[in-house]
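A, B, ... follow the sequence lines: proteins, then strands. Residue 1 opens every chain. What you are looking at is a predicted structure, and each value in this text was computed from that prediction instead of being measured.
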There are 2 protein chains.
Amino acid sequence: MNKNKDVAGEEQSGALMADVARLAGVAISTVSRALANPGRVNEKTRAKINAAARQLGYTPNAMARGLRVGKSNIVMIILPGSLYYGVSQIIPQVLQSINKSLIQGGYNLMIANLDRDEISERHILDLAFGGSVRGAIILSSKLPEVDGRSLAGSGLPIVSMLLDMSDAGLQSVVTNDREAVRDVTAELIRLGHRRFFYLAGPEDNYHDVERYAGVLEALGAAGLSEELVHRSGGQLDYQHGFDIGVQAADDFVQLTEKPTAVIATSDDMAISFVSRIQRTGLSIPDDLSVVSFDGSPVCEFSSPPLSTIEQPVEEMGRAAVDLLLDAIDQRQKAGKVRTVIRSKLILRESVAPPRS
Amino acid sequence: MNKNKDVAGEEQSGALMADVARLAGVAISTVSRALANPGRVNEKTRAKINAAARQLGYTPNAMARGLRVGKSNIVMIILPGSLYYGVSQIIPQVLQSINKSLIQGGYNLMIANLDRDEISERHILDLAFGGSVRGAIILSSKLPEVDGRSLAGSGLPIVSMLLDMSDAGLQSVVTNDREAVRDVTAELIRLGHRRFFYLAGPEDNYHDVERYAGVLEALGAAGLSEELVHRSGGQLDYQHGFDIGVQAADDFVQLTEKPTAVIATSDDMAISFVSRIQRTGLSIPDDLSVVSFDGSPVCEFSSPPLSTIEQPVEEMGRAAVDLLLDAIDQRQKAGKVRTVIRSKLILRESVAPPRS
DNA sequence: CGATTTTTGGCAAACGTTTGCTATAAATCG
DNA sequence: CGATTTATAGCAAACGTTTGCCAAAAATCG
């Protein structure tokens with residue numbers, strides 16, 4: 001990028017395509033073609049060009065290419081808010097999985113936001129409308145919309161991951177929240193549990209709606225009343241999982257008819273709930289079985305080891321990137337708008353039949 | 001970005017500066033100046049331009065600007081490897097802190113790598129030499145170097161964070177690993193502990209070197225022999241913290257003279273060690289005190305709550321970005337090449353005096 | 001009020017790469 | 001071997017913004 005070609009210092013300046021052309025004795029456009037469209041250039045000429053490029057350590061300028069072609073090689077990810085919380089590595093795992101697949105497709109991943117306030121929404125829209133990004137993967141409900149600019153109206157290819165936005169027309173890659181929770185609830189019922197304590201995420205949150213529905217479905221399928229499940233929480237976001245669990249433990253001790261099984265909808269709330277409830281003298285799983293959601297590795301080292309539903313993050317990330325790249329390349333796959341990848345229940349020592 | 005100005009569909013095409021100029025009845029260069037150098041444009045003209053820009057939802061094209069100016073608005077982060085592991089949120093916290101500060105400075109954060117293999121090194125160098133990024137923050141030792149291209153030779157402003165690379169000439173923002181571990185070891189000594197079990201990270205790893213040195217310093221300061229500390233592990237990377245802790249527990253039970261205090265150098269290894277050692281019947285902290293490093297929030301909900309050294313990630317991230325922006329703007333602060341921000345010991349129930 | 005200084009708008013070229021089009025060379029065909 | 005077809009290299013313009021320079025308008029000075 002250094003225009004001063006005479007610098008004899010240690011710094012390796014960024015060679016231009018023009019430099020390669022000069023050294024190889026061809027036109028700039030021939031260099032461009034040799035690198036990007038090799039079949040259009042004679043083999044001998046191509047060899048000369050490749051040698052020159054190697055000698056100069058030539059690296060294409062992505063901004064110039066993006067400007068000319070009208071497309072960048074960056075994909076942005078729109079987060080629900082914080083990048084991390086508690087023991088959950090879901091978001092970092094998402095980032096890792098997506099990044100890995102994007103790099104293989106020749107793209108770079110950029111984090112677009114760390115909040116969903118107006119400043120962040122505006123920033124996301126700048127990236128979208130400024131041509132800086134080629135597509136987006138969104139992990140959050142509601143597409144950004146500020147001052148007459150909306151992400152939906154930008155024409156940018158978008159894929160939703162973790163939550164189902166297929167109703168809004170977005171290709172979505174999700175796990176089977178509802179079904180997974182239904183199945184683990186059915187397992188608790190099979191073990192003999194008849195009273196349940198549900199640790200809720202934020203009310204109306206997609207994940208909470210799905211997971212709670214799974215509980216109710218299992219009860220219905222077993223001919224049991226929905227009144228057998230006590231719902232705790234609903235005010236705090238998943239980011240405050242530890243707090244949810246602490247408050248739930250307080251809630252639990254107030255109950256006169258104690259439930260025998262806890263269904264926590266994130267590992268954080270399960271971990272802090274268990275910690276607090278054990279201090280009241282209750283024993284897990286003798287007095288109370290506990291299951292959780294997310295699949296954080298640390299659950300194996302809890303006391304006792306925690307049963308949890310493990311999300312297939314890596315697979316979902318791959319699928320999301322595949323869908324996005326298809327949309328970018330405008331390969332209209334006549335496929336489903338909603339891709340479901342199943343979570344997996346990991347049963348550990350926190351679950352047992354209830355005391356008779 | 002859509003060249004077809006006649007599209008009457010729902011899609012809001014990216015308006016160009018040329019469109020704003022036409023609507024405002026001025027030249028393109030005047031629009032550019034009004035937006036970027038307002039003092040150079042008459043107030044009345046500026047108002048016309050701002051109104052036109054607002055009406056059209058004009059968003060600058062960052063690629064065009066970057067190309068013309070010769071500088072992008074992206075900063076890359078070079079990771080030591082995986083983005084996440086165990087309960088540690090250090091890397092995600094780093095990303096969040098850095099991203100927050102960068103956005104305030106008008107930059108975007110891009111993840112450059114997820115590995116340190118040759119493909120990833122090459123990719124990092126492409127970003128550096130291709131003009132795609134304006135600076136780098138590195139969380140890993142050794143600067144990328146492949147095929148005659150080296151990051152050090154690219155002229156790109158670089159700041160190291162978490163590990164001290166000031167000897168290699170890089171501005172570095174670190175925490176006081178050595179001192180923090182020395183102080184916590186001194187506290188254990190003060191409580192009466194005389195035999196220690198050190199859970200090591202990878203041998204020769206910067207962090208392990210510093211932290212182990214802290215242990216030895218505290219012993220020396222108390223006039224105690226270095227032989228009082230048994231070192232366990234050293235083969236696995238911090239990413240495998242849980243495994244390190246499991247192996248350390250096996251190691252520990254083999255010891256004839258049991259140490260009374262454990263100094264673990266990451267929360268992951270402490271958590272898994274405690275889990276395993278408790279299964280052998282030992283009690284924390286009655287039989288064995290445990291301290292850890294990182295400050296993961298879940299430590300509060302361990303059984304018993306785990307004492308840990310909390311890293312000042314947010315503050316370090318801010319400092320690193322400040323240094324980087326200074327370097328980008330070529331503001332030569334006549335300052336130290338090494339910035340140290342202190343970690344903080346959080347004492348919880350995992351530490352007690354040894355049984356007499 | 002004329003001379004001088006400052007402000008302001010616009011032209012044109014720059015940034016590094018890509019690609020349509022044309023002319024020429026090379027290959028193929030009868 | 002001449003006519004026809006195909007392959008290949010190069011010219012020039014495009015992408016969207018920025019900025020040096022110049023001319024003209026406006027402001028200030030004596």
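Using a 4.5 Å heavy-atom threshold, the side chains of B:V321 and B:V75 count as separate. Side-chain contact between A:I158 and A:I78: absent, with no pair of heavy atoms (C-beta onward) separated by less than 4.5 Å. The shortest distance between side-chain heavy atoms of A:Y107 and A:L325 falls below 4.5 Å.
For A:S166 (side chain) and A:D164 (main-chain N/O), no donor-acceptor pair under 3.5 Å exists by modelled atom type.
Sequence order on DNA chain C of the closest nucleotides to B:T30 and A:Y58 puts B:T30 first from the 5' end. The residue among B:L67 and B:G25 whose nearest nucleotide of DNA chain C is located toward the 5' end is B:G25.
In this entry the distance linking CD1 of A:I49 with P of D:dG10 reads 8 Å, nearest Å. If you measure from atom CZ of B:R46 to atom C1' of C:dG10, you get 18 Å, rounded to the nearest angstrom. Here the P atom of nucleotide C:dT8 and the NZ atom of B:K44 are 13 Å apart, to the nearest Å. Taking atom CG of residue B:N61 and atom P of nucleotide D:dT18, one finds them 10 Å apart after rounding to whole Å. Between the CG atom of A:D126 and the P atom of D:dT17 there is a distance of 13 Å, rounded to whole Å. Regarding A:K48, its NZ atom lies at a distance of 13 Å from the C1' atom of D:dG10, rounded to whole Å. For the pair A:F129 CZ and D:dT17 P, the interatomic distance rounds to 14 Å; values are reported in whole Å. Here C:dG16 presents its P atom at 14 Å from NZ of B:K71, a figure rounded to the nearest Å.
The pair A:R122-A:D147 meets the salt-bridge criterion, with a side-chain N (NZ, NE, NH1 or NH2) lying under 4.0 Å from an Asp/Glu carboxylate O.
Note on B:T45: a side-chain N or O is less than 4.0 Å away from OP1 or OP2 of C:dG9.
Here the rule is side chain to side chain contact (heavy atoms under 4.5 Å, CB included) with B:M76, and of B:N108, B:L156, B:I138 only B:L156 fits it.
If you check D:dG10, D:dT19, D:dT18 against the side chain of B:S29, the one that comes closest is D:dT19. Nearest to the side chain of A:A27, among D:dA9, D:dG10, C:dG10, sits D:dG10. The side chain of B:A64 has D:dG16 as its nearest neighbour among D:dT18, D:dG16, C:dT18.
Residue B:D167 places its CG atom among 12 or fewer non-hydrogen atoms of other residues, nucleotides or ligands, all under 6.0 Å distant.
Checked by distance alone, B:R68 brings a side-chain donor or acceptor within 3.5 Å of a matching partner on the base of D:dT18.
When heavy atoms are screened at a 4.0 angstrom cut-off, B:V31 is found touching no nucleic acid atom at all.
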Per-nucleotide protein contact string for nucleotides 21-26 of chain C, where B marks a base within reach and S marks sugar-phosphate only (heavy atoms under 4.0 Å, - for neither):
B-----
